[in-house]
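To start, the structure itself, in structure tokens.
Lettering of chains follows the sequences in order, A, B, ..., and the numbering in each one begins at 1. Computation of the quantities below employed the complete heavy-atom set of this structure, encompassing side-chain atoms and omitting hydrogens, waters and symmetry-equivalent molecules.
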Amino acid sequence: MTPIRIYNTLAREKQTFTPIDPKNVRLYVCGPTVYDYAHIGNARPVVVFDMLFRLLRHVYGTDHVTYARNFTDIDDKIMLRAADEGVGIKTISKRYEKAYIADMKALNALDPTLTPRATEHLPQMIKMMQALIEKGHAYEAEGHVMFHVPSMENYGRLSRHSRDELVAGSRVEVAPYKRDPADFVLWKPSTEDQPGWASPWGRGRPGWHLECSCMIEKHMGTTIDIHAGGQDLIFPHHENEIAQSECAHGETFVNYWMHNGYLTVDGEKMSKSLGNFHTVHDLIASGENGEALRLSLLTAHYRQPVDFSLSTVREQKRRLDKWYRLTDGVEAADTVPAAVVDALSDDLNTPKALSEIDALADVATAAELKAAAQFMGLLQSSTDEWFKGDAPDGITVEEIEELIAARNQARAEKNFAESDRIRDLLTEKGIVLEDGAGATGWRKA
RNA sequence: GGCGCGAUGGCGGAGUGGCGACGCAGCGGAUUGCAAAUCCGUGUACACGAGUUCGAUUCUCGUUCGCGCCUCCA
């Protein structure tokens, strides 16, 4: 078995992955703040680390991997949205949590083992803050609980920022209650009309970083194997998680840190003003194929930037079309081809793995191709479902078949003007005809 | 300014000290009434300049260009 190699952000190099306990490999990925639909950039870490989850399960056994992905369901952005709509935060968070789950399912992402929510971990948060205060790593000030950064000797080793650099490069005003400009919030007070929970420091709500530390502590222990997320989370989010957990526990928090690169759209940063903002929800609703979206996100290596465009999605759709044609009626092989597992074991080299799948694109190796593609969360439908779908838009299967029969009648009579007219009619409906040796088949474009 | 990443053919994207991965698109052919699908064939690609070497796209140094982060952000 090829060992799994992982690029560890902490070490800035690829390392051989050794789990703490092969019977319980623990992976945590930072999940969404549920205040709006997830965009395609949010989907990248989900798809990428879903691939990691699949690989870990393949190597260590399905029941030996715990994968947690949280929902941040208390946050100022959620509060803002709730206030806008005049509803409670739970209405907002539940709505977008539900949408998120559906969207990620459309991308063939497996359900994580655990999906903890911030608001379900208030007791753990309070306990951790108390421990940090007792150990001199945190203090109370004007209803806030602050983490005192200078109290941690090696703060900043993940992002390789020294406290001094952070203070010097800071773009935000320093709140007056901070003992040190680099200190960050663990707990902040809530006004009467804001959501809040009782605490020894008054009614308030948690800062962003605290939840992950507490959820990991509760569900996975003081030290976990892998913690992953977008590279923008390296600082401050993950740096501060390390500070909280390691100062509270006195133990290593995470052995391997993984961070995915950014996604651009048509070569530019995705933004609403540029008109290139794509939510997964809208992409699926407008007819883009979830599996093609997934494949598009896997065409680049996860640490590299990936450029997203609709033309890429269509291109990858055609690639899948080819694989579906080849594997029609073929039973997937029992084992996943080693070349594909090896590529993925090398720091999740998905472009390599995909090209290894292409190398199997031959009738003689169709069963292997199918096993490999399914391992990567692709070819999850039957060939028939893929090409024909549940129901083509604006035309019934019966109508299609009647038109095909009429066309074949015309063809038999050499009335090609009529047969081409019928084919054009179907093309307009998004139906492509394929004249085979015996019969005429059809598929959705 | 600090930290970090990258530059491969029309596009995407592996990889390697010496034989032009792979996919998509394009082009030619087979097949087809015509298409579609399929099959066969088809490309003087490795940012620039030095250095190391018998030999560098691959290693070293430099240059240029592009990108990300530096307390909203996957």
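When the side-chain contact (heavy atoms from CB on, under 4.5 Å) test is applied to Leu425(A), the partners found at least two apart in sequence or on another chain are Leu403(A). By the side-chain contact (heavy atoms from CB on, under 4.5 Å) test, Glu13(A) pairs with Ala11(A), Gln15(A), sequence neighbours left out. In this structure Arg421(A) satisfies the salt bridge (charged side-chain N to carboxylate O under 4.0 Å, His left out) test together with Glu418(A), sequence neighbours excluded.
Enclosure of atom CD in Glu413(A) by more than 12 non-hydrogen atoms of other residues, nucleotides or ligands within 6.0 angstrom is indicated. Heavy atoms of other residues, nucleotides or ligands lying less than 6.0 angstrom from NZ of Lys90(A) number 12 at most.
Each of Glu356(A) and Thr312(A) has a nearest nucleotide on RNA chain B; the 5'-most of these lies closest to Thr312(A).
Between Ile216(A) atom CD1 and Glu211(A) atom CD the span is 10.0 Å, to the nearest 0.5 Å.
Contact between the side-chain N/O atoms of Lys178(A) and the OP1/OP2 oxygens of rU71(B) is not found at any separation under 4.0 Å. Residue Asn349(A) has no polar side-chain atom (N or O) positioned under 4.0 Å from OP1 or OP2 of rG13(B).
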For nucleotides 25-34 of chain B, give me one character per nucleotide, 5' to 3': B if any protein heavy atom sits under 4.0 Å from the base, S if the only such contacts are to the sugar-phosphate, - if neither. S-------BB

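Side-chain N/O atoms of Glu315(A) and base N/O atoms of rG23(B) include a donor-acceptor pair closer than 3.5 Å.
Of the residues in residues 365-386 of chain A, none has a non-hydrogen atom less than 4.0 angstrom from any atom of RNA chain B.
The two residues Phe253(A) and Glu246(A) come nearest to each other via the heavy atoms N-OE2, 2.8 Å.
Remark: rG26(B) base-pairs with rU42(B). Criterion, Watson-Crick or G-U wobble with two distances under 3.5 Å. In this structure, rA35(B) makes no Watson-Crick or G-U wobble pair, since no nucleotide meets both defining distances under 3.5 angstrom. Base pairing annotation: rU52(B) forms no Watson-Crick or G-U wobble pair, as no partner gives both donor-acceptor distances under 3.5 Å. The pairing partner recorded for rC19(B) is none, the criterion being a Watson-Crick or G-U wobble arrangement whose two distances lie under 3.5 angstrom.
Of the P atoms belonging to rC5(B) and rC61(B), the separation is 13 Å, rounded to the nearest Å.
Nucleic acid contact class of Arg44(A) (heavy atoms, under 4.0 Å, all strands): none.
Minimum atom distance to the side chain of Phe235(A) is reached by rC70(B), of the listed rC70(B), rG4(B), rA37(B).
For the pair His209(A) NE2 and rU71(B) P, the computed distance is 11 Å after rounding to whole Å. Across the protein-nucleic acid pair, Glu239(A) atom CD and rC3(B) atom C1' stand 12 Å apart, rounded to whole Å.
Under the side-chain hydrogen bond (donor to acceptor under 3.5 Å, both in side chains) criterion, no residue pair touches residues 367-384 of chain A, with sequence neighbours excluded.
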